[in-house]
Amino acid sequence: MYDLVIDDTGTGKLTLKGDLTIQHVQELKQSFQDVASQAKELHLKFTDVERADLAGLQILCTAHRSLVKGGIPVIIAGKVPAALREASDAAGFKGCVSDDDQSGLWTGG
Amino acid sequence: MDQDADVEESQEYEESAPPRAAAKAASPQASGASGETTQYLTFQLDDEVFAVDISKVREVLEYTNITKVPRTPDFMCGVINLRGSVVPVVDLRLKFGMSRSERTVNTCIIIVEIVQEDEVTEMGALADSVKEVMELEHSKIEPPPKLGTRLRSDFLKGMGKHEDQFIMLLEIDRIFSTEELSIANHTLS
Amino acid sequence: MAVEIDTSAFTEEAYELLSELEDSLLELEESPEDQELIGRVFRAMHTIKGSGAMFGFDDVAEFTHNVETVFDLARNGTIPITKDLIDLTLGARDQIRAMLDAAAGGNAADGANAARIIAGLRALTPGADGSPPAAAKSAAGKPAEKEDAGPHTFRIRFKPHGDIFANGTNPILLLDELRELGDVRLIPFLDDLPHSLAEIDPERCYVSWEIFLTTEQGENAIQDVFIFVEDECDLNVRMVDRSEALAEDGPDKRLGDILVERGDVDPEVLEEVMQPLGERLVRSGLVNKGKVEAALTEQQIIKEKRESKKQQAAAQSVKVPSDKLDHLVDLVGELVTVQARLNQTSATLNDHDLQLIAEEVERLTGELRDNTMSIRMLAIGSTFNKFKRLVRDLSKELGKQIEMTTAGAETELDKTVIDQLNDPLIHIIRNSIDHGIEPPDGRSAAGKPSVGRIHLSAEHSGANVLIKVTDDGRGLDAEKLKRKAIEKGQLAPDAELTDKEAFQLIFGAGFSTAEKITNVSGRGVGMDVVRKSIDALRGAIDVQSELGQGTTITLKLPLTLAIIEGLLVKIQSEFFVLPLAAVEECVELTREDVSATHGRHVINVRGSIVPYIRIRDRFEVEGDPPEVEQIVIAEVDEKRVGFVVDDVIGQHQTVIKGLGKTFQNSEEFSGATILGDGTVALILDLQKMVRFVEDQEHVEAGISG
């Protein structure tokens, strides 16, 4: 489930609520596509994330790269959920290793 | 009339009676026949009427070009092209020792499906004309007569009667068996 | 998991693996140093073991495991690859096969034999003195798990297939399971992950990993982690032996090599880059040109070897049940027939539009027919390979030394022809080994090398395939053959035969001049059956031999059984077809020619006498022959024979139709074909016709003689 609010400066506030798993990836994709089409900057917040799987990691990674390449900076507001951090550690994702522009989603905080 | 077709003693009949004919022979004696029937395709050879179990008949064709196969017995008319398959055709009149038939507009080829050496195969039988499909009650079928027909008794399943006419029910698998048709068995002049 | 598993997939694969295993072992015997072959043998056994265990074939798994353990020692160089090892492993292969047959309902496998094999294999292993493994010959070598406790590092390449999520698999959980085995360092590869939201299918997996796991457990534990996703990922597990990588006297691994090994750099790319380097080195005088060339040559050789190995590996193929293929061929055959009628009809109707369409249909039908025929074609190489084992075992049994070579393994034949060639070829080879090749001392005495040679070759020749079996053994003794034939009453005592004709005697029924009838092939029922089989394939056998030097048996077979290239002829109003492959030429026969030979059925063709058969007479055709008849001269059983017809119409290619059991004893016809107008034309069986006439003549000669 997601909630997107765009303020008059064009900043999108996206709240992703719930697990970051394959059951939700289509929705997640849609949420980021909405951001891409409406916002100039993204503030991303997670809530109620109990589980994250590889599908979830993938979509976040791609969404991040996609937005950044499209000139929309991504800032994580609040904490990165533990489940997400654990999953990305388990998968060896450390700032999206093969991403040349070094702008990993979770290297920051 | 020369009888180079086989006519055999009644003794043979006892030994080689096909089980079905025997069963049919038994049923007239059994009281309260069940009224079971079988359908037969009847056809004419000369002035006699013969019949084949309809379940063995694939189709009936008009007389068509038959390619004679050299050095085969007289009763082997040859082969025809049936939708891409090569099917042998037998002149039953000659096989049964009758005179050779004359081709008329009614002459046709009955395509039957028989079992030849464990394989299902198609064969053609030349007939002067095809009559009708008849349903015969098992109880009305008698065993083939031991004498008096020029036909070998093992070629017959039995004899049926329909409106005063005798119908010879043919044991078609036997007639078309490889031994019967085998070329090696028949010496040519 | 009490699920009914269909074991047929396993058994089918297992039989194939066993076949591969045998081939590899035989090749390994020739080149015992070839690591690739050793690896192949090992992998085949390993797969049989693993699959066997999974499908509940515990006895097979256990037995294979025992064999594998010993072979593993050979793999890492602890024990050498010796003939004994190969013998035992071949025996083990047979045993596994017997076990599979038993499971499929055959006789029970011989347990005592299994124990014997294991004991034999164990006897080859070094004593339990803990002797350390010899220096590994290849990077793939690893110490047997039992002998070297202690953690090992494995490199695991794990690439899930795109649809792996569909089964509810979360690859991250698998990575966690690996962590439970030991120390894990992993590198994810995200190159395939799309950069744009629009491109990504969120339900598809794009990530793969290279994982280094250091664990006390063995490779099996790693495989087990992935056991349920085996089919949904590409998995490569390799032990990276730290000690070898850090060997003190070993060269440091070159970056280029490592990159190539890891598949990160194509060897071709490396070579391209290397070459200029080589030139630069030479130009600068730093490296001798010869050395650079030598290094480049080595690279080239490795590249070529790799290419040929790639081709050997299973090409993209699909398994199709034979009867589906047969049905397809039948349908195509019918199409060809009907298309011929379409052609004829359209020509008669003289409708231009229709003719154009008919031409197009003809073109397509031709292509379809060629294509379908080629689907049925298989390379004969696999048949040849099967014989290697036969030759090996048989020569061993008879105490002879024989080497088998082959040529033309890639020659293709119709599948049915290959199937039916198997038995005849086996018999011919057996004859060569049994009667042809002499025992080693016999050969040395005759001034020949003690190792005899049997050479199998196959090649296309026109519309035929020639398969030759050549041996350098004793050769055939024409005189002996003649004597034997006279003894058996198959030949008149005063008959004069050329050597070539004498050789044909071996095809007489019950004919065998073997002094000692070995249980292998001396029963004398062989060659006549062989000829019958070859006849049934519409082929021919040719025998050439030189006493003391050897014998060559040549089988000439048509490329395909289903379609005939025929010569259409006419006699009176009937059409017949002769197999074109046998036909050499047509000459005219006039009344003068007939009278010139005084009624004997022969004709003079450019100086040689050719006998002929008057088909009209033979078939008792009514009517008078034309003034000028035609003789079709064909080669039958190595003789030239003429067949007299009224007219030669021309070439006719079409599908052969069987005549069925009714005509199976026909002395004249081998089948029928359907002409363009739908009528049936009979195909003449030239061999039968000639032999019939010959037999008759013999009988007549007997009566008058």
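Lettering of chains follows the sequences in order, A, B, ..., and the numbering in each one begins at 1. In what follows, every heavy atom counts, from backbone to side chain, and hydrogens, waters and symmetry copies are set aside. In this text the structure is predicted, and so the values were computed from the model without any measurement.
- Only the backbone of Arg204(C) comes within less than 4.5 Å of a heavy atom of chain A; no side-chain atom from C-beta onward does.
- With a threshold of 4.5 angstrom between heavy atoms, Leu197(C) approaches chain A through its backbone and through its side chain.
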What's the verdict on side chain to side chain contact (heavy atoms under 4.5 Å, CB included) for Glu203(C) and Val25(A), showing C-alpha distance, side-chain angles and the deciding distance? CA-CA 7 Å; Glu203(C) 288 168 17; Val25(A) 287; 4.0 Å; yes
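- The closest donor-acceptor contact from the side chain of Lys29(A) to the backbone of Asp201(C) lies at 3.5 Å or more, if one exists at all.
- Taking all atoms of both residues into account, the shortest heavy-atom contact from Cys205(C) to Leu54(A) is SG-CD2, 3.8 Å.
- With Ser196(C) contributing its side chain and Ser66(A) its backbone, the two residues share no donor-acceptor pair below 3.5 Å.
- Expressed to the nearest 0.5 Å, how far CZ of Phe93(A) lies from CD1 of Ile172(C) amounts to 7.0 Å.
- Looking only at distances, a side-chain donor or acceptor of Gln58(A) sits under 3.5 Å from a matching main-chain atom of Tyr206(C).
- Pro202(C) and Gln26(A) make their closest contact through CG-OE1, 3.6 Å (heavy atoms, listed as atom of the first residue, atom of the second, distance).
- Within 6.0 Å of CD on Gln23(A) lie more than 12 heavy atoms contributed by other residues, nucleotides or ligands.
- Checking side-chain atoms of Arg179(C) against main-chain N and O of Ala90(A) turns up a donor-acceptor pair under 3.5 Å.
- Interface check for chain C: of the options Ala55(A), Ala91(A), Ala36(A), Ala63(A), the most heavy-atom pairs under 4.5 Å are formed by Ala91(A).
- Among pairs with a residue in residues 34-49 of chain A, those fulfilling salt bridge (Lys or Arg N to Asp or Glu O under 4.0 Å) read Lys17(A)-Asp48(A), at least two apart in sequence or across chains.
- Side-chain contact between Arg65(A) and Leu193(C) is present, with at least one heavy-atom pair separated by less than 4.5 Å.
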Under the side chain to side chain contact (heavy atoms under 4.5 Å, CB included) criterion, do Phe165(C) and Asp53(A) qualify, and how do the steps go? CA-CA 10 Å; Phe165(C) 293 158; Asp53(A) 66 9; over 6 Å; no
